[in-house]
2 protein chains.
Amino acid sequence: MTASLANHHCPHNNAVSCGDCRLSSICLPISVKIDDIDRIDGIIKRGRPLQKGEYLFRAGEEFSSVYAVRSGSLKTLTITDNGDEQITGFFLPGEVMGLDGIGHSKHTNSAIALETCAVCEIPFTQMTELSLQLPSLQQHFFQLMSKEITYEQQLVTLLSKNTAEERVASLLLSISSRNQRRHLSGTRFRLSMSRADIGNFLGLTVETVSRVFSRLQKLSIIEVDKKEIEIADLDALKSAASAQ
Amino acid sequence: MTASLANHHCPHNNAVSCGDCRLSSICLPISVKIDDIDRIDGIIKRGRPLQKGEYLFRAGEEFSSVYAVRSGSLKTLTITDNGDEQITGFFLPGEVMGLDGIGHSKHTNSAIALETCAVCEIPFTQMTELSLQLPSLQQHFFQLMSKEITYEQQLVTLLSKNTAEERVASLLLSISSRNQRRHLSGTRFRLSMSRADIGNFLGLTVETVSRVFSRLQKLSIIEVDKKEIEIADLDALKSAASAQ
DNA sequence: CGGAAACTTGAGCAGAGTCAATAATTGTGG
DNA sequence: CCACAATTATTGACTCTGCTCAAGTTTCCG
């Protein structure tokens, strides 16, 4: 087996360029031309893989880059005035994190690996300079950030209007569809985060999350085996996610 | 009195250019040079004032512009799957709205005037074209959007972790500091939105908002007279806003 | 001035939190 | 590779914050 082939088979391999990356359709604009991709590729840094629990960046640190997840998953969190943590997002392969740091030139979140993972570092100053020459790259980042705003607004709505069951169901559906976008199973996957993380993210206690999982399982809507989730009845899960 | 002077005195006057606008330090980057401001000014459209209840844009409409509030205030809202509305923000003079529409080339929110107000329309395509030549303009919009993301994340945290009293207190403090930024009183102001709007925004019922107002008044932390609010004890309000 | 909308206050209820005990799982060192 | 400690998850009993329903009051606006 050649080194090249070996590279392609290792999920945390960091030698693959954007042009070869299966995730580029998610994290890079489709409109960017082949030779432009090489220019983008030129500014991207690929570091060693992160182990579970390692920080990618910390709140308060100088902001210099945004990051695209290549493999594995991470959570972002802030510390509230009262000192407890608030998880602000879970990030799966192809997704871009750290956009919130741009506005204050410091990271407002910390990012922690939920499992072994690899990320692409995109130095922001170089990206903005390059995007003055590649309008579609500029456009892409405007869109990324705008979508992030919309996503946060939907999260606000979820927390503001929905019950515990609806929130948990919505999160499962969100992970499901994000998996499907990567051509993975939308009905069978492993949760890389703990019940506590889920509760923290959704504004619920661990106990409530656990109870909802049990209830959804009893209703044969999902099948739970530790962190493995199977969505047994997708339609039922969708109804569970939104009142009526 | 000259026309020019009259213009400067009317709060909804739409003839003032960015260079003369007292709000430009808020809605435009400080780093933009004087003659660059004229170029920005050249793409901005100023329409007739909106009356209370009028829509500036509607969810689902084609996205073409973002808007800076010149005078008055507006709310943005989306309609949930269940058909009820979720208010996603209140916008005061100098603040930019509509950034969420960029990612989907459609507005995801509707914007409604809470009182008579004037807005500056910033056609987005022209803005992005201009920002290829004015890096600081590009930078400014990246920052605006990033700050919006951070703001939404703080709102998520508020809804996820804080009690009714803390949420209401936080909103009052937010309005207070946004007023101060415009060199208005941070301790005495008029709420342009209804109690129902506040509750909707904060994930509370009208009754709860009303009760919190009464309680804060009984504690001599605020003085409520219909929509007029006076913050009588700013420190106490700050403690009320965050648990311990 | 009158009707509609907005606001306030009270009483009772329920969904999710807290506290607590137990069970299952993971990680670690011998 | 197993045993034990530490972490994570589940389940139950009880409590409490904020919701619902209801009635009354005030404010707004034509």
Side-chain angles (χ1 to χ4, degrees), chain A residues 51-54 75 82 84-87 112-116 158-172 190-219 222-229 240 243, chain B residues 51-54 75 82 84-87 112-116 158-172 190-219 222-229 240 243:
Chain A
Q51 296 305 311
K52 178 175 177 173
E54 265 190 273
K75 63 178 173 183
N82 318 324
D84 38 33
E85 68 179 38
Q86 169 70 43
I87 295 178
I112 300 178
L114 290 168
E115 57 194 316
T116 304
L158 190 70
L159 296 181
S160 164
K161 296 242 187 308
N162 294 79
T163 64
E165 190 162 306
E166 289 158 1
R167 295 184 208 183
V168 173
S170 295
L171 177 62
L172 293 178
R190 190 175 172 284
L191 297 174
S192 57
M193 68 294 286
S194 68
R195 303 287 195 269
D197 283 343
I198 294 175
N200 184 305
F201 178 65
L202 295 175
L204 302 170
T205 58
V206 205
E207 293 94 327
T208 300
V209 174
S210 185
R211 277 186 253 267
V212 171
F213 274 177
S214 302
R215 206 181 313 150
L216 291 177
Q217 180 159 43
K218 189 170 288 177
L219 294 168
I222 62 175
E223 198 60 48
V224 185
D225 176 24
K226 292 157 227 165
K227 304 210 153 183
E228 293 291 334
I229 299 287
Chain B
Q51 296 306 311
K52 178 175 177 173
E54 263 189 273
K75 63 178 174 184
N82 318 323
D84 38 34
E85 69 178 38
Q86 169 69 44
I87 295 177
I112 301 177
L114 289 168
E115 57 194 318
T116 304
L158 190 71
L159 296 181
S160 165
K161 296 243 188 303
N162 295 77
T163 64
E165 190 161 306
E166 290 159 0
R167 296 184 207 181
V168 172
S170 295
L171 177 62
L172 292 178
R190 190 175 171 284
L191 297 173
S192 57
M193 69 294 286
S194 68
R195 303 287 195 269
D197 283 342
I198 293 174
N200 185 305
F201 178 65
L202 294 175
L204 302 169
T205 58
V206 204
E207 294 93 326
T208 300
V209 174
S210 184
R211 277 185 255 268
V212 170
F213 274 178
S214 302
R215 206 179 314 150
L216 291 177
Q217 178 159 43
K218 189 170 289 177
L219 295 168
I222 61 175
E223 198 59 49
V224 185
D225 177 23
K226 292 158 225 163
K227 304 212 153 184
E228 293 291 335
I229 300 287

* Going by modelled atom types, is there a donor-acceptor pair between the base of C:dG15 and the side chain of A:Arg211 at under 3.5 Å? -> no

* Counting only side-chain N and O atoms of B:Lys227, is one of them less than 4.0 Å from OP1 or OP2 of C:dA6? -> no

* Asked: Starting at CG of B:Leu202 and ending at P of D:dG18, how long is that distance when rounded to a whole Å?
  -> 12 Å

* **Any B:Val209 side-chain heavy atom under 4.5 Å of B:Phe201 side chain** => no

* Asked: CG of A:Leu216 versus P of D:dT10: gap in Å, rounded?
  -> 12 Å

* Starting from P on D:dG18, measure out to CG on A:Asn162 and report it in whole angstrom. => 18 Å

* Assign each of A:Thr163 and A:Lys226 to its nearest nucleotide of DNA chain C by heavy atoms, then name whichever residue's nucleotide is nearer the 5' end. => A:Thr163

* Structure fact -> Taking C:dC7, C:dT26, D:dA9 as options, the one with an atom nearest any side-chain atom of A:Ser194 is D:dA9

* Is the phosphate of D:dC19, meaning OP1 or OP2, less than 4.0 Å from a side-chain N or O of B:Thr208? -> yes

* Is A:Lys75 paired with A:Asp197 through a side-chain N to carboxylate O contact shorter than 4.0 Å? -> yes

* Base, sugar-phosphate, or nothing for B:Gly203, non-hydrogen atoms under 4.0 angstrom? -> sugar-phosphate

* To do: Whole angstrom is fine here: how far is it from CG in A:Asp84 over to P in C:dT18?
  => 11 Å

* **5' priority, DNA chain D, between B:Glu165 and B:Lys52 [closest heavy atom]** => B:Glu165

* **Any donor-acceptor pair under 3.5 Å from A:Glu228 side chain to A:Asp225 backbone** => no

* Out of curiosity, B:Glu115 CD to B:Glu54 CD, how far, rounded to the nearest 0.5 Å? -> 13.5 Å

* Atom pair distance, as rounded to whole Å: CD1 in B:Ile229 and P in C:dC7 -> 11 Å

* Can you tell me the distance, in whole Å, between the CD atom of B:Glu207 and the C1' atom of D:dT25? => 15 Å

* **Closest nucleotide among D:dC19, C:dA20, C:dC7 to the B:Thr205 side chain** => D:dC19

* Hey, does B:Ser210 reach any base, or is it just sugar-phosphate, or nothing, if we go heavy atoms under 4.0 Å? -> base

* For the pair made of CD in B:Glu166 and C1' in D:dG18, what is the distance, rounded to whole Å? -> 13 Å

* Whole-Å gap separating C1' (C:dT25) and CD (A:Glu228) -> 14 Å

* With B:Ile198, the side chain to side chain contact (heavy atoms under 4.5 Å, CB included) member among B:Val212, B:Leu172, B:Leu171 -> B:Leu171

